[in-house]
2 protein chains.
Amino acid sequence: MTLTQAIKRPTLHEELVDRLRNLVVDDTLKPGEKVPEKELCEAFGVSRTPLREALKVLASEGFVVLQANRGARVARVTRQELEDTFPVISRLEQLAGELACAHLEDAGIADIEARHRDMVQAYHARDRQAYFQANQDIHQALIRGAQNEILESHHKLLAGRVRRARFMVNLSDERWAEAIDEHERMMAKLRARDADGLGQLMKLHMMNKFAAHIKAIDAGGDAEPEG
Amino acid sequence: MTLTQAIKRPTLHEELVDRLRNLVVDDTLKPGEKVPEKELCEAFGVSRTPLREALKVLASEGFVVLQANRGARVARVTRQELEDTFPVISRLEQLAGELACAHLEDAGIADIEARHRDMVQAYHARDRQAYFQANQDIHQALIRGAQNEILESHHKLLAGRVRRARFMVNLSDERWAEAIDEHERMMAKLRARDADGLGQLMKLHMMNKFAAHIKAIDAGGDAEPEG
DNA sequence: TGACTGAATTATGAATTCATAATTACGTTT
DNA sequence: AAACGTAATTATGAATTCATAATTCAGTCA
């Protein structure tokens, strides 16, 4: 009976961690906003204990900040943090690209090709939502294709911190075209299974995305009200 | 009064997270071992609530694994996990090396030089303990020198998972000499502020360390008893 | 009228309690 | 005596309670 796989029934606090993290990542809970335990408890229909456990985890992941005796607030993504995060993400994506070239089956590559076509189509249709989704799927597939759980989990955390819905509205036409071009070249490297080449391009792609964000932030001057 | 710095009185569960993590990292709590809440509560003199919050955080950091209704166990570092972790760490160290070259002041480099000399001295004295300490200090200083908190925190987590005391006993004379040589070359690159060169060497250094660990594990056949 | 003091309220950190799943101990049956 | 089934015990997930730090608000005085 050593083969028996443990049945996975998610415990209450695990469920809450996921739910709350999603609320932060998809920008339902805005940065700097207070996270009142009471309201969330009645919203989710749970007691404070599992919710507080979840908040502690979210805090260690960096999605919320805890102030002693003053509860939790959604973490602000400061410019400094962006500047720290992107170089790290870009290196993780580089590694992912290299490993994906080595580990992906032909079927996996074909699947990414399909999503790439979806993305290009969304680009021509100027469908930001569809583009965003396809883009995310591609990166996700490449990370998964690396078959490295540590890489995947750390990437997921960092990507979650940075991926706030509002960033997408910052996508300029110029940068959008550039990004598409970068993806085309990435696909070529992937088809050729040029591991180092793909890694290099993915790193660059991330750093270019980074530059575009910074530019948009400097131009738009994100209000970032109150504390 | 806007300059008033909030006084930092660590909350109970934060303290516990650190304490418990240390117990795991320094191998006081052995991999696979059960982490009984009751005993730890009376050992630390706290109630179950903060301790359980701490365990949730430790679990999200990967130091313990929680099984529903069956409590927490110290996470085992499997071979697969080592194989996943080292490539990621090596890339983080590579980035750290590049950034450290760019950001470290001369004084910072001099400090690392001093610790390097300590390390070489410990090597010649065959003092594994002192060597280990100096080595860790050097890597730590380089990571800190990168001045990237995201990089630092993620590196710390991964290093903590891998850094179990017993690994040091695996250090063969051959590998030890090799490691010293690698460090010598790293120092040369750092002095020259050759960012890419140092990054490259640090990546390699980590992967060589990785290979040595794997070799030792395969040879020694770590017993890894019970589940 | 506006700023300060202090009580009342609220929210949070932590302890305790409760319900239930898991484990252990025991007795029965073959 | 071994194996199964069931009851007793234990440990855990979650709710509730308690103590205290923060915040709010009313009242006072300049």
Side-chain angles (χ1 to χ4, degrees), chain A residues 1-2 4-21 23-24 29-30 32-61 63-75 225-227, chain B residues 1-21 23-24 29 32-61 63-75 225-227:
Chain A
M1 282 292 279
T2 67
T4 311
Q5 200 59 261
I7 34 175
K8 177 155 170 62
R9 192 169 45 111
T11 165
L12 203 42
H13 102 271
E14 279 180 69
E15 188 71 25
L16 284 173
V17 168
D18 280 341
R19 300 263 220 119
L20 288 173
R21 192 195 295 108
L23 289 184
V24 173
L29 286 171
K30 303 274 192 281
E33 197 169 307
K34 227 180 45 171
V35 183
E37 297 177 5
K38 208 178 110 187
E39 290 180 30
L40 286 173
C41 282
E42 47 201 40
F44 286 115
V46 300
S47 83
R48 280 179 60 216
T49 307
L51 187 113
R52 299 183 84 258
E53 290 172 346
L55 284 178
K56 300 290 181 299
V57 172
L58 269 301
S60 94
E61 292 181 353
F63 289 104
V64 305
V65 291
L66 302 177
Q67 295 165 296
N69 295 315
R70 302 205 300 182
R73 282 180 181 278
V74 178
E226 64 97 37
Chain B
M1 284 289 278
T2 66
L3 302 184
T4 311
Q5 201 58 264
I7 33 171
K8 177 151 173 61
R9 192 173 43 112
T11 164
L12 202 41
H13 101 272
E14 279 180 68
E15 188 69 27
L16 284 173
V17 168
D18 281 342
R19 299 264 219 119
L20 287 173
R21 193 196 294 107
L23 289 184
V24 174
L29 286 170
E33 200 169 304
K34 226 180 47 171
V35 183
E37 297 177 5
K38 209 179 107 187
E39 290 180 30
L40 286 173
C41 284
E42 48 201 40
F44 286 115
V46 300
S47 80
R48 282 178 58 215
T49 306
L51 186 112
R52 300 185 84 257
E53 290 172 347
L55 284 177
K56 300 291 183 296
V57 171
L58 269 303
S60 94
E61 292 182 354
F63 289 104
V64 304
V65 291
L66 302 176
Q67 295 165 297
N69 294 316
R70 302 205 298 180
R73 281 178 181 279
V74 178
E226 65 96 36

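Order of the sequence lines fixes the chain letters, A, B, ..., with proteins taken first and strands second; residue numbering starts at 1 for each chain.
A search for salt bridge (charged side-chain N to carboxylate O under 4.0 Å, His left out) contacts involving A:E37 returns A:R48, A:R52, not counting sequence neighbours. Residues passing the salt bridge (charged side-chain N to carboxylate O under 4.0 Å, His left out) test with A:R70, sequence neighbours excluded: none.
The line from CD of A:Q67 to OG1 of B:T11 is 12.5 Å long, rounded to the nearest 0.5 Å. In this structure, the separation between NE2 on B:H13 and CG on B:L20 is 11.0 Å, given to the nearest 0.5 Å. Within the model, atoms CZ of B:R21 and CG of B:L23 stand 11.0 Å from one another, a figure rounded to the nearest 0.5 Å.
Atoms CZ (A:R73) and C1' (D:dA22) sit 12 Å apart, rounded to a whole Å.
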Can you build the contact string for nucleotides 8-14 of chain C? Use B for base contact, S for sugar-phosphate-only contact, and - for no protein heavy atom under 4.0 Å. ---SBBS
